[in-house]
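Beneath this line is the structure, given in structure tokens, with notes to follow.
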Amino acid sequence: MIVRTTAEITDTERDITSEDGNWRSKRIVLGGDKVGFSFHETTIKAGSVNEFHYANHVEAVWLVEGTGKLIDLDNDKVYELGPGSMYLLNGHERHRVEPETEMRMLCVFNPPVTGREVHDENGVYPLIEVPA
């Protein structure tokens, strides 16, 4: 059984902030926990523009707080997001998140993120083997 609080993760190696300071992710469950997925609490700053692409993961996101837009960059479709919204990236969609107010979301990744990996524009994480 694993029991953790976000308070005990704060300011540890599981507490990741993007280089531009637009988002912060508390990595509650990682690949090393050996449960087959990772689970993160992520906050994204209001007024920021954030492009993401996860070529090696399926991600489910549940928005707990905040409002904003999710833009599918492959077809320019725009989705309005608010508390209780869920979105699933199951086709490795390139997407942009534009918060109107600070967003707090719970994110599940499969396969799991393994550590401090920070997203890059190719969606490649250093500790995940890219499928041939």
Run Lys69 and Glu98 through salt bridge (Lys or Arg N to Asp or Glu O under 4.0 Å) and show every step you take.
CA-CA 5 Å; Lys69 293 180 176 34; Glu98 297 179 0; over 6 Å; no
Which is it for His57 and Val113 under the side-chain contact (heavy atoms from CB on, under 4.5 Å) test, yes or no, and what are the steps along the way? CA-CA 8 Å; His57 302 277; Val113 172; 4.2 Å; yes
Quick check on the hydrophobic clustering: are Val61 and Trp23 connected, directly or via other members, by side-chain heavy-atom contacts under 4.5 Å?
yes
| query | Can you check whether Met105 reaches Ile44 side chain to side chain, under 4.5 Å on heavy atoms? | reply | yes
Worksheet entry | Residue pair Val35 / Val29, side-chain heavy-atom distance below 4.5 Å | yes
hydrophobic_cluster_shared for Val108 and Trp62, side chain cutoff 4.5 Å: yes
Correct closest heavy-atom pair for Pro99 and Ser48 would be CD-O, 3.3 Å
Exercise. Would you kindly confirm whether Leu30 and Ile9 end up in one hydrophobic cluster when ILVMFWY residues are joined by side chain heavy atoms under 4.5 Å apart?
Key: no
Between the CG atom in Asn110 and the OG atom in Ser38, the distance rounded to the nearest 0.5 Å is 8.5 Å
Value for CG (Asn50) from OG1 (Thr42), rounded to nearest 0.5 Å, stands at 11.0 Å
Checking salt bridge (Lys or Arg N to Asp or Glu O under 4.0 Å) for the pair Glu51/Arg94: CA distance, chi angles, key distance, verdict? CA-CA 7 Å; Glu51 290 193 12; Arg94 295 178 188 278; over 6 Å; no
In terms of heavy-atom contacts, Gly66 and Pro83 come closest through O-CD, 3.2 Å
(message) Starting from Met86, can I reach Val58 by hopping between I/L/V/M/F/W/Y residues whose side chains sit under 4.5 Å apart?
(response) yes
Separation between OG1 (Thr5) and CD1 (Ile28), nearest 0.5 Å, reads 9.0 Å
Within the structure provided, determine whether Glu65 and Glu102 are in side-chain contact (heavy-atom separation under 4.5 Å). no
- Message: Please evaluate residues Tyr87 and Val97 with respect to the criterion side-chain contact (heavy atoms from CB on, under 4.5 Å), reporting the C-alpha separation (whole Å), side-chain torsions for both, the decisive distance (0.1 Å), and the verdict.
- Response: CA-CA 12 Å; Tyr87 61 91; Val97 178; 3.8 Å; yes
Between Asp74 and Glu93 the two heavy atoms that sit nearest each other are OD2-CA, 3.9 Å
Inset, instruction - Compare all side-chain heavy atoms of Glu100 with those of Glu80 and state whether any distance is below 4.5 angstrom. - result: yes
Quiz item: Is there a path from Phe37 to Leu89 through hydrophobic residues (I, L, V, M, F, W, Y) whose side chains come within less than 4.5 Å of each other?
Solution: no
side-chain contact (heavy atoms from CB on, under 4.5 Å) between Lys26 and Ile16: does it pass, once the steps are laid out?
CA-CA 6 Å; Lys26 294 185 180 183; Ile16 312 301; over 6 Å; no
Rounding to 0.5 Å, atoms NE2 (His95) and CG (Asp72) come to a distance of 9.5 Å
So OG1 of Thr101 and NZ of Lys45: to nearest 0.5 Å the spacing works out to 14.5 Å
Here the gap from Leu106 atom CG to Phe39 atom CZ, rounded to the nearest 0.5 Å, amounts to 4.5 Å
Practice item. Say whether, by atom type as modelled, one donor and one acceptor occur between the side chain of Thr17 and the main chain of Gly21 under 3.5 angstrom. Key: no
**Asked** With a 4.5 Å heavy-atom cut-off, do Asp15 and Arg24 have their side chains touching?
**Response** yes
| Test log, rule salt bridge (Lys or Arg N to Asp or Glu O under 4.0 Å), inputs Asp33 and Arg27 | CA-CA 11 Å; Asp33 294 318; Arg27 311 289 170 86; over 6 Å; no
